[in-house]
Amino acid sequence: MAGAGSGAGGRRYDPERRQRIIDAAIRVVGAKGIAGLSHRSVAAEADVPLGSTTYHFKTLDELLVAALRQANQGFTVTLPAAPAPAPAGDVAGSLARLLGRLLAADRGRVELEYELYLAALRRPALRPVAAEWYEAVATALAPWTDPVTARALVAVMDGICLQVLLTDTPYDEPYAREVLARILRQD
């Protein structure tokens, strides 16, 4: 007879398993890159049977979509939580400080998020999620400026972050502020 909480076949009901698998995928990508991601590596990291990963995520692309969505949520939540500048305030300075805080808080996490985001170049299944992220950030910035400028700010902020990550140089907040201020200037 199956124990309490067991389902058919003696399987234990585990409502958190899907989330543990996503979390494990993020850790695997963080440690080994996307090239190191497999159902087997995720199952080992999550300490679940291999069949659990393929049950919840038929393909690695499905798993990457879930991982990218989760990474996106963490970033987009940060933007609305950032203190909005006064209408005549220093939007460029606020955004430059925000970028600095994001890069300083957990550079490894930012690298992971960009690796997942850029994986969309080779994995079409990830493109809609990458586009959702871009739109969510632009929407979060829209109250500070017009929609076109908000999209330009996202592109510039992405570029600055990628330059810092790829060149392994320290983040230069005054430079970021100046570049963002140029985008914000209304002619």
Side-chain angles (χ1 to χ4, degrees), residues 22-23 25-37 61 64-187:
I22 295 168
D23 293 341
I26 289 172
R27 288 192 303 274
V28 168
V29 171
K32 301 176 183 176
I34 289 177
L37 185 75
D61 280 353
L64 281 169
V65 164
L68 182 56
R69 277 215 166 91
Q70 183 165 309
N72 288 352
Q73 289 169 353
F75 183 82
T76 54
V77 164
T78 305
L79 284 169
D90 182 15
V91 174
S94 295
L95 293 176
R97 281 188 299 282
L98 174 63
L99 279 182
R101 283 195 310 269
L102 290 171
L103 287 165
D106 187 354
R107 188 178 178 119
R109 180 70 178 190
V110 175
E111 289 172 355
L112 166 72
E113 290 168 358
Y114 271 102
E115 184 166 1
L116 289 168
Y117 180 61
L118 292 173
L121 291 170
R122 299 274 183 215
R123 294 178 179 261
L126 296 177
R127 289 181 185 159
V129 184
E132 289 169 15
W133 176 85
Y134 186 86
E135 290 302 323
V137 176
T139 298
L141 294 176
W144 295 355
T145 187
D146 64 274
V148 172
T149 304
R151 292 175 63 88
L153 288 170
V154 175
V156 169
M157 291 167 64
D158 269 345
I160 291 170
C161 285
L162 283 171
Q163 286 175 353
V164 169
L165 296 172
L166 294 173
T167 62
D168 218 13
T169 55
Y171 174 67
D172 184 348
E173 187 174 311
Y175 165 78
R177 186 195 177 288
E178 175 60 28
V179 171
L180 293 166
R182 288 180 185 198
I183 299 297
L184 287 160
R185 286 193 187 115
Q186 302 291 323
D187 293 328

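Predicted, not measured: the structure shown is a model, and the values here were computed from it.
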- prompt: What's the verdict on side chain to side chain contact (heavy atoms under 4.5 Å, CB included) for L184 and L153, showing C-alpha distance, side-chain angles and the deciding distance?
  reply: CA-CA 8 Å; L184 287 160; L153 288 170; 3.9 Å; yes
Side chain to side chain contact (heavy atoms under 4.5 Å, CB included) evaluation trace for L141 with M157: CA-CA 11 Å; L141 294 176; M157 291 167 64; 4.1 Å; yes
task: List the steps and the verdict of side chain to side chain contact (heavy atoms under 4.5 Å, CB included) for E135 and E132.
output: CA-CA 5 Å; E135 290 302 323; E132 289 169 15; 5.9 Å; no
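For the residue pair R107 and D168, the shortest heavy atom distance occurs at NH2-OD1, 3.4 Å. When all heavy atoms are compared, the tightest approach of A119 to L126 is CB-CD1, 3.5 Å. Across L165 and Y114, no two heavy atoms sit closer than the pair CD1-CD1, 3.7 Å. Shown here for L99 and C161, the closest heavy-atom pair between the two residues is CD2-SG, 3.5 Å. Nearest approach of L162 to L118, heavy atoms of both residues: CD2-CD1, 3.9 Å. When all heavy atoms of L112 and G30 are compared, the closest pair comes out as CD1-N, 3.6 Å.
In this structure, Y171 contributes its side chain and R101 its backbone to no donor-acceptor pair below 3.5 Å. Under the 3.5 Å distance criterion, the side-chain polar atoms of R127 are matched with a main-chain donor or acceptor of A120. Between the side chain of R97 and the main chain of G93, a donor-acceptor pair closer than 3.5 Å is present. A donor-acceptor distance shorter than 3.5 angstrom exists from the side chain of Y134 to the backbone of R151, with no hydrogens or angles considered.
Taking CH2 from W133 and CG from L68, the interatomic distance works out to 9.5 Å, rounded to the nearest 0.5 Å. The distance from the CG atom of L116 to the CZ atom of R123 is 10.0 Å, given to the nearest 0.5 Å. To the nearest 0.5 Å, atom NZ of residue K32 and atom CZ of residue R27 are 11.5 Å apart. One finds the CZ atom of R69 at 10.5 Å from the CD1 atom of I22 (value rounded to the nearest 0.5 Å). To the nearest 0.5 Å, the span separating CD1 on I183 from CG on L95 amounts to 11.5 Å.
Taking 4.0 Å as the cut-off between side-chain N and carboxylate O, R177 and E173 do not count as a salt-bridged pair.
Side chains of T145 and V91 form no contact here, defined as non-hydrogen atoms less than 4.5 Å apart.
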